[in-house]
Amino acid sequence: MNFVKELSWRGMIHTIMPGTEELLQKELTTAYVGIDPTADSLHIGHLVSVMMLKHFQVAGHKPIVLVGGATGMIGDPSGKSKERDLLDEETLRHNQSCIQKQLAKFMDFESGLHTAAEMVNNYDWMKDFSFIDFIRDIGKHITVNYMMAKDSVKKRLGDESTEGMSFTEFTYQLVQGTDFLTLYKTKGCKLQMGGSDQWGNITTGTELIRRKEQGEAFAITCPLITKSDGVKFGKTEEGNVWLDPERTSPYKFYQFWLNVSDEDAERYIKIFTLLTKNEIDMLIEEHSQAKHDRLLQKRLAREVTIMVHTEEALAMAEEASQILFGKGTADTLSKLDEATFLSVFEGVPLKTVPKSELDNGIGILELLSDKTGFFESKSELRRLIKGNGISINKNKQNNAETNVDSTQLINGKYLLVQKGKKDYYIIKAE
RNA sequence: GGGGAGAUUCCAGAGCGGUCAAAUGGGGCAGACUGUAAAUCUGUUGGCGCAGCCUUCGGAGGUUCGAAUCCUCCUCUCCCCA
């Protein structure tokens with residue numbers, strides 16, 4: 001399989017350095033992607049890089065994941081309008097080990113084959129690099145003029161920038177370049193991949209390799225993933241969409257992909273799944289026949305959820321979606337047995353309230369705010385209720401003064417509260 | 001160091017000393033429509049015991065029957081000159 005052609009039809013190539021394709025055709029190549037360990041879980045913004053590496057491995061090459069322990073301590077100025085907060089070493093180490101576990105799901109690290117992936121941490125070679133050594137061995141080879149010409153730097157030095165840029169951040173490209181150089185020397189790594197915002201940093205690396213080692217190294221960047229409505233990809237109102245099921249439940253995760261727009265779905269399915277061109281072309285064709293069925297979104301959500309989570313998690317998410325958004329009525333809801341009910345609402349916020357408090361009935365406002373904390377403000381609740389935005393057990397509530405009592409409990413235990421169409425909360429009585 | 005401008009509710013940005021919980025736009029939330037979409041339309045967007053009350057307009061004081069609007073000091077931001 002031709003890696004470059006593969007990425008190309010998937011729309012995953014933004015810029016590619018001349019000669020890269022030839023190199024990959026000629027020999028088994030090692031490439032790396034850097035990931036900043038700014039949290040103890042990856043989010044779907046990281047997924048593009050991960051997919052690049054995955055395709056790379058499938059194409060018969062060797063991927064390296066570089067966890068940026070050192071670079072994470074500095075902060076990349078690319079795309080940032082202000083100085084990053086620095087992380088301490090303990091946090092970084094913790095984050096690294098968590099990320100490592102997540103990545104093992106995507107790539108083969110263990111097989112012992114020559115294409116088995118590796119993980120490295122640049123902290124390990126940067127930590128003993130003295131400042132003197134650094135400015136002599138690295139700084140010597142790159143001019144400030146060259147560094148200043150990078151967009152990431154120019155942007156921060158321009159008139160519009162009110163923040164300025166610290167020397168630390170200015171140095172970032174050298175540190176990243178050092179990574180590339182190090183991997184080039186120690187592991188024969190000749191290719192670095194990343195988001196298009198990394199182009200400048202990557203070329204500093206290839207430049208270093210050229211000047212210091214008279215070597216040739218290459219670069220591929222992928223386009224920034226965007227959403228057709230212009231909002232930043234990978235964010236929901238609640239924030240990032242994480243791979244960690246503790247942070248983003250598989251159900252929410254599945255829902256994220258399911259809710260992607262038609263236009264985005266066509267692009268995403270190429271990027272985030274391993275489906276072949278034929279399969280995808282057929283899906284797109286089918287989808288265009290009956291857009292309301294959202295075949296593309298469903299398949300996309302399916303594939304990605306399995307890849308990131310498990311088949312079981314997907315089954316749950318699909319079932320939950322079916323019950324929540326299908327023709328499910330108050331009636332079918334009340335027929336659910338407890339086990340199904342709980343599995344469907346896995347990950348939905350749940351609060352426990354003493355059953356005795358429900359026995360005599362309790363004001364809906366008090367129940368949903370003071371008792372459970374689901375809503376901070378009773379004014380907001382009143383507004384929602386007035387506007388038909390609150391349901392209990394799928395029944396619209398339109399009177400803020402009404403009482404809720406234990407006769408309404410599903411299975412004698414649960415109340416399903418709904419805000420709008422998509423936000424659910426569960427109250428458990430015991 | 002000198003001179004100027006400004007700090008308003010999530011953001012932007014109005015705001016005659018009373019009728020300002022504060023225009024307008026954006027964003028958010030909800031409703032209708034729909035494909036759990038987009039577009040559109042509608043409502044809403046400080047809190048509460050909600051036809052009333054309470055706390056807000058950088059901070060602290062003051063003038064006044066009454067201040068986001070006037071005065072004083074403080075803090076911070078931006079711009080220009082040196």
Side-chain angles (χ1 to χ4, degrees), chain A residues 81-83 158-164 226-233 235-239 241 248-269 283-284 286-302 304-305 314 316-330 332-333 344-345 347-349 362-371 373-392 394-403 416-425:
Chain A
S81 54
K82 62 182 198 186
E83 185 95 20
D159 292 340
E160 307 89 79
S161 173
T162 54
E163 281 283 327
T226 55
K227 279 178 52 172
S228 49
D229 62 5
V231 179
K232 192 171 183 222
F233 169 77
K235 297 270 189 184
T236 65
E237 300 73 47
E238 294 98 60
V241 178
T248 301
S249 71
Y251 163 74
K252 283 254 160 93
F253 186 86
Y254 175 84
Q255 284 285 321
F256 171 82
W257 296 102
L258 193 65
N259 278 310
V260 150
S261 72
D262 294 342
E263 192 185 324
D264 290 338
E266 280 193 31
R267 286 187 296 130
Y268 295 171
I269 200 165
L283 276 169
I284 291 176
E286 254 184 280
H287 178 251
S288 67
Q289 300 298 317
K291 297 207 164 185
H292 56 278
D293 287 337
R294 289 183 303 152
L295 273 174
L296 265 184
Q297 283 93 333
K298 282 179 185 164
R299 190 60 188 275
L300 172 66
R302 221 190 141 81
V304 184
T305 306
L314 169 70
M316 297 285 202
E318 283 183 331
E319 188 177 358
S321 302
Q322 186 53 40
I323 290 171
L324 262 30
F325 295 105
K327 295 169 245 18
T329 59
T332 60
L333 187 70
V344 162
F345 293 103
V348 169
I362 182 170
I364 187 168
L365 293 177
E366 199 190 346
L367 179 67
L368 295 183
S369 59
D370 298 339
K371 291 295 173 198
F374 288 148
F375 296 86
E376 299 259 313
S377 143
K378 287 180 188 153
S379 301
E380 184 192 359
L381 265 173
R382 278 177 213 277
R383 261 183 254 123
L384 283 166
I385 290 172
K386 204 183 295 176
N388 253 323
I390 294 287
S391 301
I392 289 187
K394 291 255 175 198
N395 293 317
K396 290 282 184 197
Q397 303 295 307
N398 41 36
N399 179 4
E401 306 309 323
T402 192
N403 273 353
L416 181 68
V417 182
Q418 203 175 342
K419 173 193 163 213
K421 286 178 185 135
K422 298 184 187 177
D423 290 335
Y424 290 87
Y425 309 87

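The sequence lines fix the lettering, A, B, ..., with proteins before strands; numbering per chain opens at 1. No hydrogens, no waters, no symmetry mates; every other heavy atom, side chains included, goes into these values. If you're wondering where the values come from, they're calculated on a predicted model, not measured in any experiment.
- In terms of phosphate contacts, Ser261(A) brings no side-chain nitrogen or oxygen within less than 4.0 Å of OP1 or OP2 of rA38(B).
- A side-chain donor-acceptor contact under 3.5 Å links Lys396(A) to the backbone of Asn388(A).
- With hydrogens and angles ignored, a donor-acceptor pair closer than 3.5 Å exists between the side chain of Lys421(A) and the base of rU34(B).
- Rounded to a whole angstrom, the distance from the C1' atom of rG13(B) to that of rC57(B) is 13 Å.
- As judged by a 4.0 angstrom heavy-atom cut-off over every strand, Lys386(A) is placed among residues making no nucleic acid contact.
- Mapping Gly389(A) and Tyr254(A) onto RNA chain B by nearest heavy atom places Gly389(A) closer to the 5' end of the strand.
- Considering only side-chain N and O atoms, Lys396(A) lies under 4.0 angstrom from the phosphate OP1 or OP2 of rG31(B).
- With rounding to the nearest 0.5 angstrom, the CZ atom of Arg267(A) is 6.5 Å from the CD atom of Glu263(A).
- The nucleotide whose nearest atom lies closest to any side-chain atom of Lys419(A) is, among rG35(B), rA30(B), rG49(B), rA30(B).
- The same atom, C1', is picked in rU24(B) and in rG15(B); the two are 11 Å apart, to the nearest Å.
- Picking from rC29(B), rU36(B), rG35(B) the nucleotide with the shortest atom distance to the side chain of Gln297(A) gives rG35(B).
- Counting atom types as modelled, Gln255(A) pairs a side-chain N or O with a base atom of rU36(B) as donor and acceptor under 3.5 Å.
- Candidate nucleotides rA37(B), rA30(B), rC50(B) were compared by shortest atom distance to the side chain of Ser379(A), and rC50(B) ranks first.
- The gap from the P atom of rA22(B) to that of rG47(B) amounts to 13 Å, rounded to the nearest Å.
- Residues Asn399(A) and Ile385(A) share a closest heavy-atom pair of N-CG2, 3.6 Å.
- At rC29(B), none of the side-chain N or O atoms of Lys422(A) fall inside 4.0 Å of OP1 or OP2 (strictly under the cut-off).
- With a cut-off of 3.5 Å on both pairing distances, the Watson-Crick or G-U wobble partner of rC70(B) is rG62(B).
- For the C1' atoms, the distance linking rG2(B) with rA68(B) amounts to 32 Å, nearest Å.
- Between Tyr251(A) and Phe345(A), a ring centre-to-centre spacing not shorter than 6.0 Å is recorded.
- A side-chain N or O of Asp262(A) and one of Gln297(A) form a donor-acceptor pair less than 3.5 Å apart.
- Taking side-chain N and O atoms only, Arg383(A) has no distance below 4.0 Å to OP1 or OP2 of rC48(B).
- Ile390(A) comes within 4.0 angstrom of no nucleic acid atom, judged by non-hydrogen atoms across all strands.
- Using N1 to N3 plus N6-O4 or O6-N4 for Watson-Crick, or N1-O2 and O6-N3 for G-U wobble, each under 3.5 Å, rA38(B) pairs with nothing.
- Glu380(A) comes within 4.0 angstrom of nothing in the nucleic acid, heavy atoms only.
- With both ends at atom C1', the span from rU45(B) to rU9(B) equals 10 Å, rounded to whole Å.
- Straight-line distance between the C1' atoms of rA30(B) and rC74(B): roughly 44 Å, to the nearest whole Å.
- With no hydrogens or angles considered, a side-chain donor-acceptor pair links Gln255(A) and Ser321(A) at under 3.5 Å.
- Base pairing analysis places rA21(B) opposite nothing; no Watson-Crick or G-U wobble pair with both distances below 3.5 Å involves it.
- Taking atom C1' on both rC65(B) and rU72(B), the two are 22 Å apart, rounded to the nearest angstrom.
- Heavy atoms from other residues, nucleotides or ligands lying under 6.0 Å from CD of Glu376(A) number 12 at most.
- Counting any heavy atom pair closer than 4.0 Å across all strands shown, Asp293(A) reaches no nucleic acid atom.
- A 3.5 Å limit on both hydrogen-bonding distances identifies rC29(B) as the Watson-Crick or G-U partner of rG43(B).
- Between Tyr251(A) and Asn388(A), the residue anchored nearer the 5' end of RNA chain B, judged by the nucleotide with its closest heavy atom, is Asn388(A).
- Under the Watson-Crick and G-U wobble criteria, each requiring two contacts below 3.5 Å, nucleotide rC78(B) is paired to rG4(B).
- Checking the phosphate oxygens (OP1, OP2) of rC48(B), a side-chain nitrogen or oxygen of Ser377(A) falls inside 4.0 Å.
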